[in-house]
Asker: 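Would you mind keeping the following structure in view while I ask a few things?
Quick caveat, the model's predicted, so the values are computed rather than measured. Each chain gets a letter, A, B and so on, in the order its sequence line appears, and its residues count up from 1.
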Amino acid sequence: MPKFKSYWLVKTEPDCFSIQDLAASPRKTTCWDGVRNYLARNYMRAMQLGDEVLFYHSNADPLAIVGVTAVVRQAYPDPTAWDSTNDHHDAKASPDNPIWDMVDLRLEEIFPAPLPLDRLREEPRLAKMELLRRGSRLSVQPVTEAEFQTIEEMAHAEKAAPAAKKQSTASNRKKPRAPAVKKKPTHTNLKR
DNA sequence: GCCAACGTTGGC
DNA sequence: GCCAACGTTGGC
């Protein structure tokens with residue numbers, strides 16, 4: 001069956017789960033648990049096997065797309081939703097009424113260098129990208145094929161001129177967040 | 001630390 | 001069903 005590949009982007013805080021953590025995971029695969037936003041969930045439900053997913057580091061230095069993953073399992077219930085000890089516990093969720101889903105993502109590529117947000121903003125072909133919209137908060141979002149290809153191209157043209165590597169100074173360095181607690185997806189690796 | 005954006009909650 | 005208050009995300 002001819003099938004169209006779709007493209008997506010997921011955000012993660014690298015302090016919580018980085019692309020290096022993904023690389024170190026068994027089979028370089030993780031379940032993308034902890035998503036608790038209906039629109040983000042619905043995008044995950046639309047993901048098909050083989051779809052490609054850009055991997056973005058938020059709340060990080062640098063803010064950047066750092067690689068590409070692929071969907072290796074389509075949406076299925078996220079058991080962390082009814083785990084009362086989980087940070088993202090939802091009292092309304094249960095095995096009979098999971099409410100929240102996750103997909104499995106496998107690492108395909110770590111870019112030779114992170115592709116920073118400020119470089120993305122300079123690229124006219126990405127002007128309409130959801131990630132770059134002011135105030136965009138969605139942690140799972142669709143990406144067009146053209147945007148995906150532009151990003152791959154930029155990521156591989158990057159090598160020679162990594163100009164955008166900002167010096168970390170006292171003024172721009174992020175303070176450690178108050179309680180260094182995990183935020184967004186915990187991505188506890190549930191596979192054994 | 002600030003604050004814009006926007007989802008969620010709950011009183012009515 | 002409206003909408004103000006509140007909470008969270010996440011860049012700056």
Side-chain angles (χ1 to χ4, degrees), chain A residues 8-22 30-47 53-69 75 78 80-94 97-103 105 111 113-143 147 150-151 154-155 158 162-188:
Chain A
W8 312 91
L9 177 146
V10 294
K11 299 180 184 176
T12 177
E13 302 194 9
D15 287 350
C16 170
F17 189 85
S18 68
I19 200 163
Q20 288 75 24
D21 293 328
L22 178 57
T30 192
C31 49
W32 206 251
D33 60 8
V35 172
R36 298 291 182 268
N37 171 287
Y38 285 103
L39 186 51
R41 181 203 66 182
N42 292 343
Y43 285 140
M44 285 201 298
R45 287 181 173 176
M47 290 182 182
V53 184
L54 297 167
F55 201 94
Y56 176 77
H57 280 175
S58 64
N59 268 319
D61 186 15
L63 295 166
I65 298 175
V66 292
V68 181
T69 66
D78 175 356
T80 66
W82 59 85
D83 172 359
S84 61
T85 67
N86 189 276
D87 284 349
H88 309 288
H89 176 238
D90 178 351
K92 295 197 285 293
S94 68
N97 180 30
I99 304 179
W100 303 109
D101 281 0
M102 59 189 186
V103 294
L105 299 178
F111 287 156
L115 185 54
L117 189 62
D118 41 20
R119 287 229 44 234
L120 300 175
R121 291 197 190 285
E122 289 165 5
E123 174 49 62
R125 288 173 293 174
L126 300 180
K128 293 192 175 158
M129 202 178 167
E130 166 70 18
L131 180 69
L132 305 182
R133 251 190 57 238
R134 175 181 163 77
S136 163
R137 297 188 305 168
L138 207 52
S139 65
V140 178
Q141 49 185 258
V143 172
E147 289 164 350
T150 298
I151 286 162
M154 292 172 77
E158 192 68 0
K165 179 61 197 168
K166 274 194 275 196
Q167 201 75 5
S168 182
T169 65
S171 57
N172 71 12
R173 184 162 40 230
K174 285 183 137 2
K175 302 219 166 202
R177 297 175 76 82
V181 291
K182 352 178 74 165
K183 307 274 291 195
K184 261 273 79 163
T186 49
H187 309 307
T188 41

Asker: Is the Trp100(A) ring parallel, tilted or perpendicular to the Tyr38(A) ring (thresholds 30°, 60°)?
Answerer: tilted
Asker: Ignoring hydrogens, what is the shortest heavy-atom contact between Phe111(A) and Leu115(A)? Give both atom names and the distance.
Answerer: CD1-CB, 4.5 Å
Asker: The criterion is salt bridge (charged side-chain N to carboxylate O under 4.0 Å, His left out); which residues satisfy it with Arg125(A), sequence neighbours excluded?
Answerer: Glu123(A), Glu153(A)
Asker: Please name the residue in the list Asp78(A), Asp101(A), Asp87(A) that meets the salt bridge (Lys or Arg N to Asp or Glu O under 4.0 Å) test with Arg36(A).
Answerer: Asp78(A)
Asker: Could you work out, with salt bridge (charged side-chain N to carboxylate O under 4.0 Å, His left out) as the rule, every residue matching Asp90(A), not counting sequence neighbours?
Answerer: none
Asker: Give the B/S/- string for nucleotides 5-11 of chain B, one per nucleotide from 5' to 3', where a protein heavy atom under 4.0 Å of the base yields B, of only the sugar-phosphate yields S, and otherwise -.
Answerer: BBSS---
